[in-house]
Amino acid sequence: MGPFVLAWKASLDNMMILSSIASCVVANYKSSMPTSRPKPSDTLMCHRLTALTGGCCIVGLLWISCLGYNVKLTKDGMEMPLHEAFEWDKLPTYVYDLYFYFIRHGFSGMWNQLSDQDGNSGVVDALGLLELYSSATDDEIEKQCREKSKQWHPDRHRSEEDKLRAQNRFIDIQKACDILLPKRRKTQRPSE
């Protein structure tokens with residue numbers, strides 16, 4: 001009876017190893033059997049691509065949300081998460097401006113504006129706000145500054161919401177004009 005109990009205990013210790021080997025043998029035997037597989041159709045490929053695209057979108061959105069809530073930015077001297085630093089209330093204005101810029105200049109104009117960027121984001125933002133190219137002369141910049149200032153002056157708008165939006169836009173236009181026109185900056189500096 002002793003040797004039988006000892007063999008039984010030894011087999012319990014190796015049960016995981018034996019079951020792993022047995023499952024590998026069965027899987028290998030099943031996979032070596034000839035099967036007739038249908039040729040993949042275009043719809044099957046379309047389903048696979050759709051599933052792959054959906055999976056990539058989900059993973060991408062997870063990464064974006066992870067970064068949006070964990071990355072900290074310093075804005076106006078305060079440290080805040082990335083999702084709070086982005087001004088969501090201005091998004092409709094950005095989309096509206098982008099749409100009308102596209103209508104006015106077309107895709108090639110937008111592409112030229114992007115390709116003209118030379119790394120100086122303040123100047124590039126000012127040019128984009130005034131809808132000018134980097135090759136614009138001082139006279140063109142002054143003319144566009146006057147036109148945009150008239151268009152977005154708060155007194156020209158009736159409702160309080162429009163006035164507030166116009167006031168913010170008017171301030172941005174004045175800053176853009178100050179960036180682009182060096183003569184204007186020099187005249188506004190206090191004398192030392």
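Bear in mind that the values here come from a model prediction, so they are computed numbers and not experimental data. All residue numbers in this chain count up from 1 along the given sequence. Only this structure's heavy atoms are used, side chains among them; waters, hydrogens and symmetry mates stay out.
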Would you kindly confirm whether L98 and F107 end up in one hydrophobic cluster when ILVMFWY residues are joined by side chain heavy atoms under 4.5 Å apart? yes

How far apart are the C-alpha atoms of L164 and E160, what are their side-chain angles, what is the distance that settles it, and do they pass the side chain to side chain contact (heavy atoms under 4.5 Å, CB included) test? CA-CA 6 Å; L164 183 61; E160 288 299 318; over 6 Å; no

Below 4.0 angstrom, N of the basic side chain to O of the carboxylate: do D97 and R169 qualify? yes

Any chance you could measure R156, atom CZ, to F170, atom CZ, to the nearest 0.5 Å? 11.5 Å

Heavy-atom closest pair, residues D172 and L129: O-CD2, 3.3 Å

Atom OG1 of T137 and atom CD of E142: how far apart are they, to the nearest 0.5 Å? 9.0 Å

Output the distance between atom CD (Q151) and atom CD1 (I173), rounded to the nearest 0.5 Å. 7.0 Å

Heavy atoms of M110 and Y101 approach each other most closely as CG-CD2, 3.6 Å

Run the ring pair (Phe, Tyr, Trp, His ring centres under 6.0 Å) test against F100 and tell me which residues pass, sequence neighbours left out. Y96

Give me the atom names and distance for the closest heavy-atom approach of K148 to L130. CG-CD2, 4.0 Å

With a 4.5 Å cut-off on side-chain heavy atoms, are K143 and R146 touching? yes

P154 and A166: which non-hydrogen atoms are nearest, and at how many Å? CA-CB, 4.2 Å

Just wondering, are more than 12 heavy atoms of other shown residues or ligands nearer than 6.0 Å to NZ in K72? yes

Say you draw a straight line from OG1 of T93 to CZ of R165; how long is it, rounded to the nearest 0.5 Å? 4.5 Å

From C145 atom SG to E140 atom CD, the distance as rounded to the nearest 0.5 Å: 11.5 Å

Inter-residue atom distance Q167.CD - D155.CG, 0.5 Å rounding: 10.0 Å

Could you tell me whether the side chain of E131 reaches within less than 4.5 Å of the side chain of H105, counting heavy atoms only? yes

